[in-house]
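Note that the coordinates shown come from a computational prediction; the quantities given were computed from them, not determined experimentally. The chain is numbered in sequence order, starting from 1.
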Amino acid sequence: MTATTQQDAGPGRAAPGRRPISSRARISALAIGLFTTRGFEETSVDDIAEAAGIARRTLFRYYSSKNEIPWGEFDDHLGELRGLLAQIPTDIPMADALVDALVVFNRVPPEELENHRRRMSLLLGVPALQAHSMIMYADWRHVIAEFCAARLGLDENDHLPQTIGWLCLGAALAAYEQWLANPDADLERLISDGARTVATGVASLTRVP
């Protein structure tokens, strides 16, 4: 589960005279192309650095491990999600605010859908990525719990905000699984439907705006 992604730069070295790829987003997109065509385990950090036209040590300035690379600029997107939630007027019910945030966070421009599909296929389908994914999901859930706790007057680590965070994560992952299994499915519609199902439950749990 990620926010908007860059288009896949594709495998291969930078052409002579071409400026080397150096941004986190573009390195991630290029690596996704390599992982998809060669396999995650079969692609080394050195392969990614060589294709990007940068040194191995430079790549590690952007990413601490190979498992982190498919996530791209996820930390930045979490900051955007936190800001998005903070901007939602307090007169909008919390459940509706969560629906809006989930839909916007997971909205992907049409021209980037195929690379996003490759990214999510890796994150949800490669066993070696699952442990790191749990860390990233925990950070995402924390943002949701933080928002809900502020609305409910609770601590972000209390049971109810944490439960809502897990419910939102489950809805998003279920939507992505359906989308990956059915290429013609509408991702935004799946996210929206799942979020509204969660919102119904959240409204009954909290009974407050």
Side-chain angles (χ1 to χ4, degrees), residues 1-5 24-25 28 62-108 116 119-120 122-180 187-209:
M1 173 187 47
T2 63
T4 299
T5 59
R24 284 173 58 87
S28 178
Y62 292 99
Y63 295 101
S64 62
S65 70
K66 187 173 82 167
N67 287 1
E68 184 182 350
I69 296 175
W71 287 88
E73 298 176 297
F74 190 70
D75 289 343
D76 293 338
H77 294 316
L78 285 184
E80 293 170 3
L81 175 60
R82 184 176 279 110
L84 174 65
L85 288 166
Q87 293 173 10
I88 296 177
T90 55
D91 60 344
I92 293 179
M94 186 177 74
D96 293 339
L98 290 172
V99 172
D100 291 344
L102 285 172
V103 170
V104 172
F105 181 79
N106 289 284
R107 181 171 290 151
V108 182
H116 194 51
R119 183 189 301 273
M120 295 309 299
L122 290 166
L123 296 180
L124 296 179
V126 176
L129 290 171
Q130 296 311 302
H132 187 76
S133 293
M134 290 304 296
I135 297 173
M136 307 301 279
Y137 293 150
D139 291 341
W140 188 89
R141 286 188 288 104
H142 182 78
V143 174
I144 299 296
E146 187 179 65
F147 168 74
C148 294
R151 283 289 192 102
L152 298 169
L154 299 172
D155 186 87
E156 59 201 50
N157 295 310
D158 285 345
H159 184 238
L160 183 54
Q162 288 293 318
T163 297
I164 296 172
W166 276 105
L167 289 171
C168 290
L169 176 62
L173 292 179
Y176 275 108
E177 286 183 351
Q178 288 294 312
W179 182 57
L180 293 176
L187 176 60
E188 186 166 325
R189 176 66 180 271
L190 289 169
I191 293 288
S192 178
D193 289 348
R196 292 192 182 283
T197 299
V198 170
T200 300
V202 168
S204 66
L205 283 171
T206 60
R207 297 183 180 178
V208 295

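Between R141 atom CZ and Q162 atom CD the span is 6.0 Å, to the nearest 0.5 Å. Separating the CD atom in E68 from the CD1 atom in I135 is a distance of 9.5 Å, to the nearest 0.5 Å. L78 CG to M136 CE: the interatomic distance, rounded to the nearest 0.5 Å, is 7.0 Å. Put simply, CG on L173 and CD1 on I191 are 8.5 Å apart, with the number rounded to the nearest 0.5 Å. Atom OH of Y137 is separated from atom CG of L123 by 6.0 Å, given to the nearest 0.5 angstrom. Rounding to the nearest 0.5 angstrom, the gap separating the CD1 atom in I92 from the CZ atom in R151 is 7.5 Å.
Closest approach of G165 and W140 over heavy atoms only: O-CZ3, 4.1 Å. Looking at every heavy atom in both residues, A128 comes nearest to N67 through O-ND2, 3.2 Å. Of all the heavy atoms in W71 and S133, the pair that sits closest is CZ2-OG, 3.5 Å. Across A175 and L190, no two heavy atoms sit closer than the pair O-CD1, 3.5 Å. Closest of all the heavy-atom pairs between L154 and P161 is CD1-CD, 3.9 Å. The shortest non-hydrogen separation linking A195 to L102 is CB-CD1, 3.6 Å.
Side-chain contact between L180 and E177 is absent, with no heavy atoms from C-beta onward closer than 4.5 Å. Inter-residue side-chain proximity for S28 and Y62 is flagged as unmet; no heavy-atom pair is nearer than 4.5 Å. Counting heavy atoms from C-beta on, the side chains of D193 and R189 come closer than 4.5 Å.
Residues meeting the side chain to side chain donor-acceptor pair (under 3.5 Å) test with T163, sequence neighbours left out: H159. Remark: E146 pairs with R82 by the salt bridge (charged side-chain N to carboxylate O under 4.0 Å, His left out) rule, at least two apart or across chains. When the side chain to side chain donor-acceptor pair (under 3.5 Å) test is applied to S65, no partner is found at least two apart in sequence or on another chain.
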Exercise. Start with the C-alpha distance between Y176 and L187, add both sets of side-chain angles, then the distance that settles side chain to side chain contact (heavy atoms under 4.5 Å, CB included), and finish with yes or no.
Key: CA-CA 7 Å; Y176 275 108; L187 176 60; 3.8 Å; yes
Exercise. Walk me through it: do V198 and L98 pass the test side chain to side chain contact (heavy atoms under 4.5 Å, CB included)?
Key: CA-CA 9 Å; V198 170; L98 290 172; 5.7 Å; no
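Ring geometry, F74 versus F105: the interplanar angle exceeds 60°, so the pair is classed perpendicular (tilted spans 30 to 60°).
When atom types are taken as modelled, the side chain of D158 and the backbone of L160 share no donor-acceptor pair closer than 3.5 angstrom.
Tested against S192 for a side chain to side chain contact (heavy atoms under 4.5 Å, CB included), the candidates T197, D100, V103 yield a single pass: V103. Checking I164, L85, V143 one by one against C148, the side chain to side chain contact (heavy atoms under 4.5 Å, CB included) holds for a single residue, I164.
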